[in-house]
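Residue numbers start from 1 in every chain, and the chains themselves are labelled A, B, ... in the order their sequence lines are given, proteins ahead of strands. Note that the structure is a prediction, hence the values are computed from the model and not measured.
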Amino acid sequence: MPVESIRIYNTLSRTKEAFVPVEPGKVGIYLCGPTVYKEAHIGHMVGPVIFDTVARYLTYCGFEVKWVVNITDVDDKLIAQAEQRQIPMAQVATQMTADYCANLLEMGVDQITEMPRATENMNEIIEFIGQLIDREFAYSADGDVFFDVVRNSEYGKLTNRSPDDQQGEGGKAASKKRSPGDFALWKAARPGEPSWESPWGQGRPGWHIECSAMSRRFLGETFDIHGGGLDLTFPHHENEIAQSECCHGQPMAKYWMHNGLMRASTATGKVGGRSERETDADGDTAEASEETKISRSKGAGGLRTLLAEHGGELIRYFLLRTHYRSTIVFGPEGLEEAGTALDKFYTFFDRYTRVTGKSFYLTESDEEDRSVIQRRDAGELASDSEGLLSEVADLRQSFLTKMDDDFNTGGATSDLFLILNVLNRYVEQNRLEENKADPDHVAQFSRAVETFRELAALLGLFLKPQSRAGGGASEEVLDKVLQLMIQMRTDARANKDFATSDRIRDELAEVGVTLEDRKEGTVWRLG
RNA sequence: GGCGCCGUGGCCAAGUGGCUAAGGCAGCGGAUUGCAAAUCCGCCAUCGCCGGUUCGAAUCCGGCCGGCGCCUCCA
């Protein structure tokens with residue numbers, strides 16, 4: 001029985017609305033994916049991460065989720081890349097798609113049901129265009145086909161504008177268009193360009209039509225949630241709506257969700273600094289302000305490097321700690337802070353192991369017999385719980401309430417910290433790390449940690465061990481060496497030779513190994 | 001010019017009509033420790049400015065100041 005408490009901010013109405021799916025119990029989500037002409041940057045990950053979280057949450061809440069992310073693999077920019085690199089367009093697409101998918105995986109985005117490519121849906125696209133022409137919402141002109149915006153009385157409803165407002169001149173194909181706001185559904189091929197056969201001659205699809213065609217194929221004429229970056233509202237989504245709704249005579253999607261854009265922090269730490277634009281008297285003021293925009297700033301690239309340096313989990317947490325609709329400023333300070341915050345959890349997981357003798361992370365075989373909670377109704381803690389479990393139950397409720405409210409991951413993550421605090425306090429107060437710990441306390445603690453794991457999993461966090469710094473070296477050998485060092489240091493301490501013991505600890509710290517002296521003995525960790 | 005968004009402590013960031021304004025980072029004090037690390041406890045903001053509505057507003061309305069996005073195939 002799916003829950004009915006979820007509210008979603010709908011760009012169409014500019015308000016939060018109760019989430020009621022088109023078909024009870026099922027949810028169809030379409031997210032505009034990348035045009036695969038170059039390597040992905042960090043900004044490309046915002047949508048996938050938030051929608052991956054949305055998909056996890058809706059599944060958890062009892063819905064059967066189908067999530068489609070398209071790959072646009074035919075486009076002017078792809079053609080340009082292919083020309084520049086002297087390789088076929090399809091090869092550019094294959095390479096960049098692989099890069100994109102690898103990045104998604106690294107960030108724990110694994111909820112996608114379908115990833116259709118435009119070039120593999122050419123029949124659907126051509127059929128769709130044909131239907132629009134039949135219904136007189138589109139016209140062909142000299143091998144091109146355009147959508148006739150004037151014929152669509154609702155055109156502009158998503159972004160609140162009308163064709164008359166458009167200032168554009170209509171671009172290169174203006175002379176063929178009936179009005180400047182008309183956009184291409186099909187573009188006639190120029191010599192040497194990749195092309196497909198169509199009733200209008202050799203050519204390729206325009207930008208927006210692939211999404212209308214593929215969303216219909218996989219999700220139907222009306223589906224639940226359509227997502228994408230805020231910058232896609234116009235013209236992309238506006239045009240998708242025009243195409244689909246004129247073709248079908250019914251709404252394309254019930255809820256339109258748009259994630260905020262990311263900006264790069266400048267070296268000075270000032271984000272929107274305007275000093276440069278002031279001095280640039282005659283002016284290209286537009287360019288100065290673009291520096292901070294991720295998608296157009298050169299310095300912000302290197303997602304691969306970023307992931308290699310920090311790990312996908314940190315980037316994921318970094319994105320999720322802010323509400324998805326707000327702007328995220330991306331910079332080294334924020335990453336560092338996120339890393340410090342995550343370390344609190346990792347440190348706790350080691351503690352959990354010390355208390356229970358088990359790893360915090362579940363292995364595949366664990367998932368069967370450990371009661372992993374993957375459903376909201378199954379995760380309820382007994383209503384008569386008290387003490388630890390009662391506290392955790394309250395925080396769990398708080399977490400879910402925040403997620404219900406337009407997927408407030410920023411608020412929800414903070415509840416994770418509160419639960420962490422409750423758990424740590426419980427370990428201290430009941431001396432769970434000592435040998436004489438009460439088994440009942442340990443059991444209760446384990447149950448509480450399960451709830452923590454349940455909630456973190458909704459955010460896609462802490463599902464599997466992150467390869468921490470130093471990866472590649474044999475953990476086993478490292479451990480043996482360090483055990484030896486620890487023994488020597490323990491001997492030194494027993495002899496009150498603190499000069500030696502401190503030297504061992506300090507020099508290990510310099511190479512990235514931290515020693516912790518605990519009642520039960522000394523332990524080491526990286527970082 | 002048109003259409004929108006945003007402005008909460010040193011930094012990041014929840015809260016959108018009502019207990020003493022979450023949480024994280026940084027900082028300070030304490031517990032613990034041989035010293036540390038980790039952890040725990042405590043301290044640290046009246047919400048850009050002005051006016052209005054209301055018994056009551058960070059939260060609603062108006063104005064102003066500041067920042068940003070789209071109107072250009074950028075997620």
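- Just one residue in the list F417(A), F360(A), Y317(A), Y352(A) forms a ring-ring contact (aromatic ring centres under 6.0 Å, His included) with F345(A), and that residue is F417(A).
- With sequence neighbours left out, E510(A) forms a side-chain contact (heavy atoms from CB on, under 4.5 Å) with no residue at all.
- In this structure, Y37(A) has no ring-ring contact (aromatic ring centres under 6.0 Å, His included) partners at least two apart in sequence or on a different chain.
- Whole-Å rounding puts the K16(A) NZ to G15(B) P distance at 6 Å.
- RNA chain B is contacted by R425(A), E428(A) of residues 425-435 of chain A, taking any non-hydrogen atom closer than 4.0 Å.
- With hydrogens and angles ignored, no donor-acceptor pair under 3.5 angstrom links the side chain of R161(A) to the base of G1(B).
- Across all strands shown, T340(A) has heavy atoms under 4.0 Å from sugar-phosphate atoms exclusively, and none from any base.
- Using a 4.0 Å heavy-atom criterion, one finds that N424(A) contacts the sugar-phosphate atoms exclusively.
- The side-chain tip of R263(A) does not point at the ring of F330(A) from less than 6.0 angstrom away and within 45° of straight on.
- Across all strands shown, S398(A) has no heavy atoms under 4.0 Å from either base or sugar-phosphate atoms.
- Comparing A75(B), C35(B), C68(B) by their closest approach to the side chain of R263(A) singles out C68(B).
- A close approach under 4.0 Å does occur between a side-chain nitrogen or oxygen of N408(A) and OP1 or OP2 of G15(B).
- Looking at residues two or more places apart in sequence or on another chain, you find a side-chain contact (heavy atoms from CB on, under 4.5 Å) between D75(A) and T35(A), K77(A), L78(A).
- In this structure, the side-chain hydrogen bond (donor to acceptor under 3.5 Å, both in side chains) partners of Q397(A), at least two apart in sequence or on a different chain, are T401(A).
- The nearest whole Å value for the distance from the CG atom in L12(A) to the C1' atom in G4(B) is 14 Å.
- At a threshold of 4.0 angstrom between heavy atoms, the contacts of L230(A) with the nucleic acid are absent.
- No donor-acceptor contact under 3.5 Å links the side chain of D415(A) to the base of G23(B).
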Please produce a list of atom pairs where a protein N or O lies less than 3.5 Å from an N or O of nucleotides 10-13 of chain B.
residue	atom	partner	partner atom	Å
C12(B)	O2'	R321(A)	NH2	3.0

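- The side-chain hydrogen bond (donor to acceptor under 3.5 Å, both in side chains) test applied to R117(A) returns no partner, not counting sequence neighbours.
- For D517(A) against C35(B), a side-chain N or O and a base N or O form a donor-acceptor pair under 3.5 Å.
- OP1 or OP2 of G4(B) has at least one side-chain nitrogen or oxygen of N160(A) nearer than 4.0 Å.
- By the 5.5 angstrom centroid cut-off and the 30-degree plane limit, F498(A) is classified as stacked against the base of G34(B).
- An OP1 or OP2 oxygen of C25(B) is reached within less than 4.0 angstrom by a side-chain nitrogen or oxygen of K344(A).
- Applying the ring-ring contact (aromatic ring centres under 6.0 Å, His included) criterion to F51(A), with sequence neighbours excluded, gives no partner residue.
- Distance from the side chain of K402(A) is smallest to A14(B) among A14(B), G34(B), A75(B).
- The side-chain hydrogen bond (donor to acceptor under 3.5 Å, both in side chains) test applied to R7(A) returns no partner, not counting sequence neighbours.
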